[in-house]
Amino acid sequence: MTIDELQSLYKGNMLVEAIIEPFSEEGKWIVEFRHAHGGFVVITDPNGGECHYSNIDHASRTAMEVGFKQVRIESSK
């Protein structure tokens, strides 16, 4: 989902948590959101491709742009 779509869900109290997770061995990160009805949604670009971030700071800023004040960061295993 795009940032605009996620912001609408957040304003409607449909997103309950923002999570940043490692995506690859190359150090990329993804941001996903836990939906109030279960499951997760990720940030996508306008073409529907999953967004990957090169660092946690950029990923965190993006999650906060959706509306969250806090973001959970999953460590790599």
Side-chain angles (χ1 to χ4, degrees):
M1 299 190 110
T2 65
I3 295 280
D4 290 340
E5 292 168 327
L6 290 164
Q7 287 171 334
S8 292
L9 287 177
Y10 180 82
K11 289 175 185 170
N13 295 314
M14 297 304 296
L15 299 177
V16 296
E17 183 177 29
I19 304 160
I20 297 172
E21 294 186 336
F23 173 74
S24 67
E25 296 299 321
E26 292 83 40
K28 300 284 186 186
W29 300 85
I30 60 168
V31 180
E32 63 182 15
F33 300 90
R34 190 160 52 95
H35 196 279
H37 294 277
F40 293 90
V41 292
V42 296
I43 296 176
T44 60
D45 62 27
N47 297 319
E50 193 173 79
C51 293
H52 303 137
Y53 301 91
S54 59
N55 61 60
I56 291 175
D57 290 336
H58 186 201
S60 294
R61 284 192 305 273
T62 303
M64 290 180 178
E65 187 178 336
V66 170
F68 284 90
K69 304 284 187 258
Q70 285 186 301
V71 179
R72 180 164 53 108
I73 299 172
E74 292 286 322
S75 61
S76 57
K77 301 200 175 9

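These values consider heavy atoms only, across backbone and side chains, with no hydrogens, waters or symmetry-generated copies.
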When you look at Glu5 and Thr2, which way does the side chain to side chain donor-acceptor pair (under 3.5 Å) test go after all the steps? CA-CA 5 Å; Glu5 292 168 327; Thr2 65; 3.3 Å; yes

Evaluation steps, ring pair (Phe, Tyr, Trp, His ring centres under 6.0 Å), between Phe68 and Phe33: CA-CA 10 Å; Phe68 284 90; Phe33 300 90; 5.7 Å; yes

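When the side chains of ILVMFWY residues are joined at heavy-atom separations under 4.5 Å, either directly or via intervening members, Ile73 and Leu15 end up in a single hydrophobic cluster. Hydrophobic clustering (ILVMFWY, side-chain heavy atoms < 4.5 Å, transitive): Met64 and Leu6 are in one cluster. Under the 4.5 Å side-chain heavy-atom criterion for grouping Ile, Leu, Val, Met, Phe, Trp and Tyr, Val42 is not connected to Ile19 through any hydrophobic cluster. Val16 is not connected to Leu9 by any chain of hydrophobic side-chain contacts under 4.5 Å among Ile, Leu, Val, Met, Phe, Trp and Tyr, and they are in different clusters. Note: the hydrophobic cluster containing Ile56 also contains Ile3 (ILVMFWY, side chain heavy atoms under 4.5 Å, direct or indirect links).
Between the OG atom of Ser60 and the CD atom of Gln70 there is a distance of 11.5 Å, given to the nearest 0.5 Å. The CD atom of Glu21 sits 10.0 Å away from atom OG of Ser75, with the distance rounded to the nearest 0.5 Å. In this structure, the separation between SG on Cys51 and CD on Glu32 is 13.5 Å, given to the nearest 0.5 Å.
Using cut-offs of 30° and 60° for the angle between ring planes, the His52 and Phe23 rings count as parallel.
Taking the side chain as every heavy atom from C-beta outward, Ile20 and Glu74 never approach each other to under 4.5 Å. Here the side chains of Arg72 and Glu17 are in contact, with some heavy-atom distance below 4.5 Å.
Remark: side-chain polar atoms of Gln7 are paired, donor with acceptor, to backbone N or O of Glu65 under 3.5 angstrom. For the pair Asp45 (side chain) and Asn47 (backbone), a donor-acceptor distance under 3.5 Å is present. Not one N or O on the side chain of Tyr53 forms a donor-acceptor pair closer than 3.5 Å with the backbone of Trp29.
Glu50 pairs with exactly one of Val31, Ile43, Ile30 by the side chain to side chain contact (heavy atoms under 4.5 Å, CB included) rule, that one being Ile30.
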